[in-house]
Participant: 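Dropping the structure in here first, questions after.
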Amino acid sequence: MAAEVVETEAVDGPCRLRRFSCELGLLSRPDGSAAFLQGDTSVLAGLYGPAEAKISKELPDRAALDVLLRPKVGLPGVLERSREQLLQQTCEAVVLGVLHPRTAISLVLQVLSDAGSLLSCCLNAACMALLDAGLPLSALFCGVTCALQPDGAILLDPTARQEQEARAILTFAIASTDRKVLMVTTKGSCSVQEMQQCLAVAQRAADTIFQFYRDSVRRRYSKS
Amino acid sequence: MKATPLSNCERRFLLRAIQEKKRLDGRQCYDYRNIRVSFGADRGCCMVELGRTRVLAQVSCELVPPKPSRPTEGVLFFNLELSPMAAPGLEPGRQSELLVSLNRLLERCLRDSKCIETESLCVVAGEKVWQIRLDMHLLNHDGNITDAASIAGIVALCHFRRPDVSVQGEEVTVYTPEERDPVPLSIHHMPICVSFAFFHQGTYLLVDPTEREERVMDGLLVIAMNKHHEICTIQSSGVVMLLPDQILRCTKITAVKVAEITELIQKALENDQKARKEGGKFGFAESIPNQRITAFKMESAAVDTNDVEEQAGEIIAKADPPSEVFANPVLHTQNFTSKHQGFLNSCSFANPVVHTPGTAQIGEGIESSWGDLEESEKEEAVEEEGESEAAAFECEKVETEDTSTLRETKSDEPIVLSDSEEEEVVILEPQELPRKTRTQTSSKQENPSKKAFNKRRRKKRTSR
């Protein structure tokens, strides 16, 4: 697959996703691992599970999922904790934990570089790691970030600079069945109509991302 | 996650193989694994793969006041973290001995060897100096973390560019990367650690042990050297006793290895510098080889946003309204006793519903049932349907004596607390609702312990 020289900044049009790259199974120790790159933002996800859980953490009827997000510099703070919660709730919604009771699934995400849309990159990396580990899922999910510019235009997959200049940033986690929304988080203020529009745009973008998932997994398991 | 213990048969197998001069991956005793260095898009970010051991390093800087004992020197801070993804058994936040010893070794290697010129990091003596912070994360543990981390550290430091500053008298101007090109750190030499693992009481020696080999080794010797054959750090640990000529032999091996590794590092730095200068592509995305079947790339894709407004409208039109939400928000007239508040908070409820605008609900609790008393039975039946199933299980154990008045016709209706023992406070309601009669509830209030309530209740009824 030859890579052409394409600009990494989304300057050609407002509703473009940046260049996506994904590598599956790149770490030998974790059960599932994936590196997901969106333009210059990249996140590495490693997943262990289902494995023996500590007595204090085990749940009697399903798997206990916990998520750790590590920043590149410094200690994890409140922002990382809140993102971990969002990721955990999204993953718990799709992972069929009831098939593995009293086990622990731990997902560790490491930020390799942050150039905008970090949370959606984390969501995508998490989903690919779940796929790579072969955990039973009821649906796939993907993360899409929309930025609302002060004039009301919607930007998909914003870069760090676009995020700074935006009036509001909305991140959606969209499931693959019927493009339902699993999680929404917003920063900034926007009207209800704008949010609906961003949601519709995100659902369109989710089609492209799910196709990317499918193609990368197909390539991996292809015989030719 | 629990670490898998090493089985005895595996241990015996490894030791026997080493006795026969065989390694699991087919290397010779003095061979290193393949080293791969890749750089990220930010300056000072690099990833080193030593075989399958992977370390990420990032250098950052900020202006801080200097240490009082060293007013003209910059501050260096090194931190190696073992990420929980590197191996099962690595818990976050647990300061294991391994982590402490690794950190200490790397600090000695990089700081005490004076490879970085700290005097050049001084901006205003005694007031402002640069603090250079090196964060390293172990991403995959397949042995020999020390070597991989030392390579990652020194490469990241060489790759890093700090902002340019100029000092005019008292004023310090820090230039952004757009204004003036950032400046590299002044690095005198590049110390690289080489690890030697000893087996069978020092009889056998292996360079660059893998994780399995590390588990069965007797002792470890780490020598940090630069390409000028200067030993920067030397450390021997474990239960092995080494002879002087063994150590000298190791230093000779180290010199050869360090020369090779330094050459590789220089080449990688040059390639990256060239790619950046010529405007080519750089970053982790470029370091993923195209031919790998596990890697996949997609170019920038446009998303079709025609008819987005119609789709947005459709979403809202087609969406089912949530069943618990009231079409007409109703303000309720009862006061809550703290007792019942306690009840409500103890019942967890999946979908809390705010019945009353202007009142907030913090956390998950059963929805406020103020005003359930005032609703018509039918309206309650409609509303309660959605919430009752969820609340039913939790609330079944609620005492029925104190509870209120919601007499639903359904038998599995939860007993909702709402109570009305205190004086009535009338709040304006947008719609007039038929007042429920109290007769049906009075039968429930026969509990002698609740006489006080009943008295007030009766008072209320009579006051109506």
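So that the names make sense, note that chain A is the first sequence line, chain B the second, and so on, each numbered from 1.
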Participant: Taking Ala115(A), Ser21(A), Gly46(A) one by one, which has the highest count of heavy-atom pairs under 4.5 Å against chain B?
Facilitator: Ser21(A)

Participant: Set out, in order, the CA-CA distance, both residues' side-chain angles and the distance that settles side-chain hydrogen bond (donor to acceptor under 3.5 Å, both in side chains) for Gln88(A) and Asp66(A), then state yes or no.
Facilitator: CA-CA 6 Å; Gln88(A) 183 178 350; Asp66(A) 67 290; over 6 Å; no

Participant: Specify which of Ser42(A), Ala104(A), Ala35(A), Gly74(A) makes the most heavy-atom pairs with chain B at under 4.5 Å.
Facilitator: Gly74(A)

Participant: Heavy-atom cut-off 4.5 Å, strictly under: side chain, backbone, both or neither for Leu56(B) against chain A?
Facilitator: side chain

Participant: Does any backbone or side-chain atom of Ala41(B) lie under 4.5 Å from a heavy atom of chain A? Answer side chain, backbone, both or neither.
Facilitator: side chain

Participant: Just give me the residue among Ala86(B), Ala57(B), Gly283(B) that pairs up with chain A most often, heavy atom to heavy atom, under 4.5 Å.
Facilitator: Ala86(B)

Participant: Between Leu157(B) and Val59(B), what is the shortest heavy-atom contact and its length?
Facilitator: N-CG2, 3.9 Å

Participant: Answer yes or no: is there a donor N or O on one side and an acceptor on the other, between the side chain of Thr210(B) and the main chain of Gly143(B), under 3.5 Å?
Facilitator: no

Participant: Would you mind checking which part of Arg70(A) comes under 4.5 Å of any heavy atom in chain B, side chain (CB onward), backbone (N, CA, C, O), both or neither?
Facilitator: side chain

Participant: Taking side chain as everything from C-beta outward and backbone as N, CA, C, O, which of these in Val111(A) sits under 4.5 Å from a heavy atom of chain B? Side chain, backbone, both or neither.
Facilitator: backbone

Participant: Of the non-hydrogen atoms in Phe212(A) and Lys297(B), which two are nearest, and what is the gap between them?
Facilitator: CE1-C, 4.1 Å

Participant: Count the heavy atoms of every other residue, nucleotide or ligand shown that sit under 6.0 Å from CZ of Arg102(A), and state whether that count exceeds 12.
Facilitator: no

Participant: Side chain, backbone, both or neither: which part of Gln38(A) has an atom under 4.5 Å from a heavy atom of chain B?
Facilitator: neither

Participant: For His159(B) and Cys46(B), what are the C-alpha separation, side-chain angles and deciding distance, and is it a side chain to side chain contact (heavy atoms under 4.5 Å, CB included)?
Facilitator: CA-CA 8 Å; His159(B) 190 246; Cys46(B) 85; 5.7 Å; no

Participant: Give, as side chain, backbone, both or neither, the part of Leu68(A) having an atom under 4.5 angstrom from any heavy atom of chain B.
Facilitator: side chain

Participant: If I measure from the heavy atoms of chain B, does Lys57(A) come under 4.5 Å with its side chain, its backbone, both, or neither?
Facilitator: neither

Participant: Please confirm whether Tyr213(A) and Phe296(B) have ring centers closer than 6.0 angstrom.
Facilitator: no

Participant: Less than 6.0 Å separating the ring centroids of Phe39(B) and Phe284(B)?
Facilitator: no

Participant: With a cut-off of 6.0 Å (strictly less than), are more than 12 heavy atoms of other residues, nucleotides or ligands near CZ of Arg52(B)?
Facilitator: no

Participant: Given a strict heavy-atom distance threshold of 4.5 Å, which part of Leu44(A) is in contact with chain B: side chain, backbone, both, or neither?
Facilitator: both

Participant: I'd like to verify something: which residue of Asp114(A), Leu109(A), Leu75(A), Val201(A) has the highest number of heavy-atom pairs under 4.5 Å with chain B?
Facilitator: Val201(A)

Participant: Of the backbone (N, CA, C, O) and the side chain (C-beta and beyond), which part of Pro50(A) lies under 4.5 Å from a heavy atom of chain B, both, or neither?
Facilitator: neither

Participant: Does any heavy atom of chain B fall under 4.5 Å from the side chain of Ser106(A), the backbone, both, or neither of them?
Facilitator: both

Participant: Leu47(A) versus chain B, heavy atoms under 4.5 Å apart: side chain, backbone, both or neither?
Facilitator: neither

Participant: Is Met47(B) close to chain A through its backbone or its side chain, or both, or neither, when contacts mean heavy atoms under 4.5 Å?
Facilitator: side chain

Participant: Using heavy-atom distances under 4.5 Å, tell me whether Glu49(B) contacts chain A through its side chain, its backbone, both, or neither.
Facilitator: neither

Participant: Would you say Gln273(B) has more than 12 foreign heavy atoms packed within less than 6.0 Å of its CD?
Facilitator: yes

Participant: When heavy-atom pairs shorter than 4.5 Å are enumerated against chain A, which of His137(B), Arg292(B), Lys2(B) gives the highest number?
Facilitator: His137(B)

Participant: Side chain, backbone, both or neither: which part of Leu37(A) has a non-hydrogen atom closer than 4.5 Å to chain B?
Facilitator: side chain

Participant: Look at Asn79(B), Asp135(B), Asp142(B) and state which one has the largest set of heavy-atom pairs under 4.5 Å with chain A.
Facilitator: Asp135(B)

Participant: With salt bridge (Lys or Arg N to Asp or Glu O under 4.0 Å) as the test, would you mind laying out the steps for Glu84(A) and Arg81(A) before giving the verdict?
Facilitator: CA-CA 5 Å; Glu84(A) 284 170 12; Arg81(A) 290 274 174 271; 3.2 Å; yes

Participant: Can you check side chain to side chain contact (heavy atoms under 4.5 Å, CB included) on Leu140(A) and Leu131(A), steps first, answer last?
Facilitator: CA-CA 9 Å; Leu140(A) 296 179; Leu131(A) 275 178; 3.6 Å; yes

